[in-house]
Amino acid sequence: MKNIWKTAALCLMPLIAQIPAGAQETPKEEDYFRILKMSAPEGTLLEVGGLVTLPNGDLGVATRRGDIFIVENPSSRRPFFRKFASGLHEVLGLAYKDGSLYCAQRGELTRLADTDMDGKADVYETVYAWPISGHYHEYSFGPKLAPDGSFFVSGNVAFGDQEWWRGESRVPWRGWMMHISADGSTMEPWATGMRSPCGIGMINGELFYTENQGDWMGSGGLWHIGKGDFVGHPAGLRWAELPNSPVKLTNAKFVANIDERRVKNAEGRFIKPENVVDEKFKMLYEMKSVFPSLRTPAVWLPHGVLGISNSEPLSIPEGAFGPFAGQILVGDQGQSKIMRVVLEKVKGEYQGVAFDFRSGFQSGVLRMSWGKDGSLYVGETNRGWGSAGDANEGLQRLVWNNRIPFEMQTVKAMPDGFEIEFTLPVDRKSAEDIASYSVESFLYKYHPVYGSPVVNNETCEIKGVKVSDDGLKARIIVENLRPYYIHNITLEGVRSRDHFYSLVHPTGYYTLNNIPEGAKLAMNEVSVKNSVKEATAAKAAAEKTAKPVASKPAAKTAEAAKPATVAAKPKAATFEEVKPLLAKYTCNACHNADKKQVGPAFRDIAKRKYSNDLVVKLIYNPNPENWPGYATEMPPMPQVPKADALRIASWINSLN
C-alpha cells in the first residue's frame with residue numbers, strides 16, 4: 001500500500017508543483033463582459049432582424065414582424081422607443097445612409113425617409129426589386145454598405161417539393177449575393193454558392209458573409225467573397241449562364257464532377273440522402289482544382305462548438321473591448337452566443353482562428369451594432385428556428401468592465417506550427433511544458449447530406465515550445481500540419497503569471513488554408529519538457545522497483561462454490577457520467593434535458609421509448625421526419641464511438 005501511494009504522489013507532483021499557494025479560481029467570461037437587458041414598452045415584440053446605430057447615437061431597430069423603431073438614449077435605463085415605420089415584409093437587415101434608413105424586405109431593397117420631420121417615415125421607396133417565388137425560406141438579408149455607397153444584399157434558397165430537403169433556386173438570384181448601385185439603378189450578380197447567407201459584413205472595406213450548416217454545407221463558417229466566387233452550394237448555379245453572371249462555373253460542369261445523390265426508390269420517389277459511414281467522400285477544398293472559382297471558408301466555425309446558425313460578423317472598433325480591438329465578432333442564432341475571430345492573410349488568402357467569446361443571451365443572436373459608448377447592442381430572435389436562450393426575442397447590451405481577461409489574443413500560422421499571443425503574461429513554467437498544449441486537426445465532408453460528421457481526425461504532436469521574454473507569446477512546433485484543415489489548439493495547462501489563472505477560453509480553432517514560408521525554429525531554441533511523460537516514466541520506475549506483497553490464498557466458502565448467476569442488466573449511465581460525453585460530442589448545442597431548444601428535449605426523446613440501439617442508430621443517421629416541428633435538422637454523427645453512444649442512449653431512456 002505504501003508503494004501505491006508513493007507512485008500516485010510521483011504522478012501528481014508535476015501538476016501540484018505548478019500550483020502556487022495563492023492561486024485563485026479562474027474568472028469566467030461573465031466576469032468581464034456583462035449582458036444588460038434593454039427595457040422596451042410593454043407589448044413591443046422585438047424579434048430583431050436589423051440594427052444600426054445612427055450618427056446621433058440613437059438606435060434603429062427592425063423586426064421580423066415588419067416594424068422599425070428608433071430608440072432614443074438607448075444606453076440609458078429608460079430608453080424611448082418611437083415607431084418609425086410599419087407594414088414591411090420580414091425585415092432582416094438595416095443600414096443608414098444620407099439621412100435615410102435602408103432595409104431588405106423579402107423582395108426588395110427599400111429606402112425609408114422622414115421628409116416632414118414628424119419622427120415617422122413618410123417615404124417608402126423601392127430602390128431595387130428582385131424575384132421571389134413565395135416559398136417560406138426565401139429570406140433576404142441586408143443591406144450592407146460598401147465603401148462607395150453601394151449595397152450588398154443576399155438571398156436564401158428555397159426547398160424542393162418532393163425533395164423537401166434539397167436547397168433550390170426557384171427564381172433568379174436566390175443563393176446569390178447581389179450588388180446594387182448607390183442610386184439603385186443597376187444590380188449586378190456578385191457571387192453564388194450560398195445556402196442561407198444570414199450574416200453579411202463589411203470588414204475593412206471587404207465583403208464577408210457567414211453560412212449555416214445544411215445540405216452541401218458540412219459546417220458554418222466565415223467566407224471572404226470576391227466577384228465571381230462560388231462558395232459551395234450548387235442551387236444558384238442554375239443562373240450562372242445568364243448574360244450578366246460573373247460566375248463561370250455551370251450547373252452542368254458541377255453535376256458532371258460530383259454526385260448530387262438524386263436517387264429514387266421502387267415507387268419512383270426521391271430518397272433523402274443520408275450520411276454513409278466509411279464511404280469514399282470528397283471535401284470542399286479538393287474541388288478547387290476542378291472548380292477554379294471555388295472559395296473555401298476563411299475560417300470554419302465548427303458546428304455545435306462555435307455555433308449552429310452563424311449570423312452577422314462585425315469588426316471591433318478601436319477603444320471597444322480592450323485587447324480585442326480590430327478583431328471580428330460573429331453572432332450565433334441557435335446557441336444564443338457570440339464568437340471571436342482573428343484573420344490573417346497568408347499567400348494572398350484569408351485564414352485565421354475562432355474562439356468562443358460570450359454566451360448566455362436570452363434569445364438567438366442575429367444582429368449587432370456598436371453604441372457610441374463602446375458597448376455592443378445585440379438584437380435577437382428565435383421564432384421558427386429555436387435557440388439556447390429561452391425567450392423568443394430580445395434586445396440587449398454587452399458591456400466590458402475594462403478588466404483584461406486572460407485569453408489567447410490571437411493565433412498565427414508559422415512554417416512549423418503556430419504562434420500564440422496572450423492578453424496577459426503567462427507563467428513561464430506552465431507555458432514551457434509541452435504537455436500544456438494539444439493540437440488535433442479535422443474537417444467535414446462535401447456532400448448533399450444535411451451537415452457532416454467530423455472526419456479525418458488526426459492528433460498533431462507538439463515537438464517543442466518557445467516562450468517570449470515578456471511572456472506574451474508562445475510559439476509551438478507542431479507536426480503534421482494539413483492545409484485547409486481545422487486545427488483545434490487547446491491550452492489546458494497554460495496559466496497566467498500573476499494569478500495562475502487558466503485561460504477563460506482554452507481552445508481556438510485555426511483554419512489553415514496555407515502554411516506560410518519563413519524560418520523554422522531550431523530544436524536547441526525550444527523547451528521540450530513534457531511533465532506528463534516525465535510523470536509516466538517516474539510511475540513506471542516506481543512500479544518496477546516496488547516489491548510485490550504476497551497474498552494468502554482465499555479460503556473456499558460455500559458461497560464461492562455456488563454456480564454463477566445470470567449477470568444483472570447494466571445500469572443506465574448517470575448524468576454525471578454522461579455529462580462529459582454530451583459536451584464532447586456537442587449534444588448540448590441543440591438539446592436540453594427538460595426543455596425544447598434547437599432540438600427536442602432529451603426527456604421528450606425518452607417518451608418515444610426507442611431502444612438504446614435505435615437511439616444509437618439515430619445518432620449516426622438522424623431522421624428529421626420523426627420531429628417535424630423543428631426547423632434545424634440534426635447532422636449525422638457517426639464519429640461518436642458506439643460505447644459512448646450507448647451510454648448516452650441509456651441515460652436518455654432513464655429519463656422516461
Side-chain angles (χ1 to χ4, degrees), residues 11-19 23 26 299-300 302 305-306 340 342 344 351-356 405-442 454 457-482 485-497 499-512 515-516 520-537 580 583-584:
C11 293
L12 291 170
M13 279 176 64
L15 298 176
I16 295 171
Q18 292 186 29
I19 303 175
T26 296
V299 175
W300 286 100
V305 180
L306 296 181
R340 176 169 61 91
V342 192
E344 61 174 330
Q351 58 188 45
V353 65
F355 308 94
D356 261 322
F406 181 47
E407 294 271 35
M408 286 182 271
Q409 183 169 342
T410 186
V411 176
K412 294 181 179 178
M414 292 288 145
D416 53 357
F418 299 98
E419 182 181 74
I420 303 156
E421 185 172 350
F422 301 93
T423 57
L424 296 170
V426 296
D427 166 72
R428 183 168 293 277
K429 187 174 181 180
S430 66
E432 289 184 339
D433 184 353
I434 62 175
S436 296
Y437 306 83
S438 65
V439 178
E440 295 179 333
S441 60
F442 63 91
V454 168
N457 305 58
E458 287 190 10
T459 298
C460 306
E461 184 181 357
I462 312 294
K463 302 293 287 186
V465 56
K466 181 179 181 180
V467 179
S468 64
D469 292 339
D470 60 7
L472 289 173
K473 293 181 181 178
R475 182 168 168 181
I476 54 176
I477 300 175
V478 182
E479 292 281 276
N480 194 29
L481 297 175
R482 294 192 285 177
Y485 273 73
I486 305 163
H487 290 71
N488 172 347
I489 304 168
T490 300
L491 280 59
E492 288 290 358
V494 174
R495 299 291 182 265
S496 67
R497 183 185 65 194
H499 300 287
F500 211 70
Y501 288 152
S502 304
L503 289 153
V504 177
H505 298 104
T507 300
Y509 294 85
Y510 193 100
T511 301
L512 187 68
I515 300 173
K520 298 182 179 181
L521 289 175
M523 291 307 295
N524 61 4
E525 297 181 74
V526 301
S527 167
V528 294
K529 175 182 171 59
N530 188 324
S531 62
V532 170
K533 285 188 177 180
E534 291 173 2
T536 303
K584 180 178 181 180

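Below, each value reflects all heavy atoms present in this structure, side chains not excepted, and no hydrogens, waters or symmetry copies. Nothing here was measured: the structure is a model prediction, and the numbers come from that model. Residues: numbered from 1 along the sequence shown.
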Q: Taking the side chain as every heavy atom from C-beta outward, state whether N488 and T507 have any atom pair closer than 4.5 Å.
A: yes
Q: Please report the shortest heavy-atom distance between M408 and I489, naming the atom on each side.
A: CE-O, 4.2 Å
(Q) Regarding E458 and N480, do their side chains bring together a donor and an acceptor under 3.5 Å, going by distance alone? (A) yes
Q. Is the shortest heavy-atom distance from the side chain of Q351 to the side chain of L512 under 4.5 Å?
A. yes
(Q) Strictly distance-based, threshold 3.5 Å: is any side-chain N or O of S496 a donor or acceptor partner for the main-chain N or O of Y501? (A) yes
Q) Below 4.5 Å, heavy atoms only, C-beta onward: do C460 and E479 meet side chain to side chain? A) no
Q | Over all atoms of both residues, closest heavy-atom pair of A354 and V299 | A | CB-CG1, 3.8 Å
(Q) Taking side chain to side chain contact (heavy atoms under 4.5 Å, CB included) as the criterion, tell me which of V426, I420, V411 meets it with L491. (A) I420
(Q) Counting the benzene-type ring for Trp, do F442 and Y485 have ring centres under 6.0 Å apart? (A) no
Q: Mind listing the closest non-hydrogen atom pair of V526 and K466 along with its distance?
A: CG1-CB, 4.1 Å
Q: Taking atom CG of D469 as the centre, report whether more than 12 heavy atoms of other residues, nucleotides or ligands fall under 6.0 Å from it.
A: no
(Q) For D427 and S430, which I'm curious about, is there any donor-acceptor pair between the side chains at under 3.5 Å? (A) yes
Q: Determine the interplanar angle of the F406 and F422 rings, folded into 0 to 90°, and report it as parallel if under 30°, tilted if 30 to 60°, perpendicular if over 60°.
A: parallel
Q) Roughly how far, to the nearest 0.5 Å, is CZ of F418 from OH of Y437? A) 13.5 Å
Q: Write down the atom of V465, the atom of D433, and the distance for their closest heavy-atom approach.
A: CG1-N, 4.5 Å
Q: Could you tell me whether a side-chain N or O of S441 sits under 3.5 Å from a main-chain N or O of I486, the two making a donor and an acceptor?
A: no
Q: Rounded to the nearest 0.5 Å, what's the gap from CZ on R495 to NZ on K429? Could you check?
A: 13.0 Å
Q. For K412, does its backbone N or O pair with a side-chain atom of E344 as donor and acceptor, under 3.5 Å?
A. no
Q: Mind checking the NZ-CE spacing from K463 to M523? Nearest 0.5 Å is all I need.
A: 6.5 Å
Q. Using 4.0 Å as the upper bound for N to carboxylate O, is an ion pair formed by E432 and K529?
A. no
Q) Can you name the nearest heavy-atom pair linking V305 to D356, along with the distance? A) O-OD2, 3.9 Å
(Q) Between D416 and R475, does any NZ, NE, NH1 or NH2 come within less than 4.0 Å of an OD or OE carboxylate oxygen? (A) yes
Q) What is the distance from atom CD1 of I477 to atom CE of M414, rounded to the nearest 0.5 Å? A) 12.0 Å
Q) Any chance the side chains of H487 and E440 put a donor and an acceptor closer than 3.5 Å? A) no
**Q.** Minimum heavy-atom distance L481-G417, with the two atoms named
**A.** CD1-N, 3.6 Å
Q: Keeping the roles fixed (side chain from S502, backbone from T26), state whether a donor-acceptor pair exists under 3.5 Å.
A: no
(Q) Is the shortest side-chain heavy-atom distance between E407 and H505 below 4.5 Å? (A) yes
Q) Which distance, rounded to the nearest 0.5 Å, do you find between the CG of N530 and the CD1 of I462? A) 10.0 Å
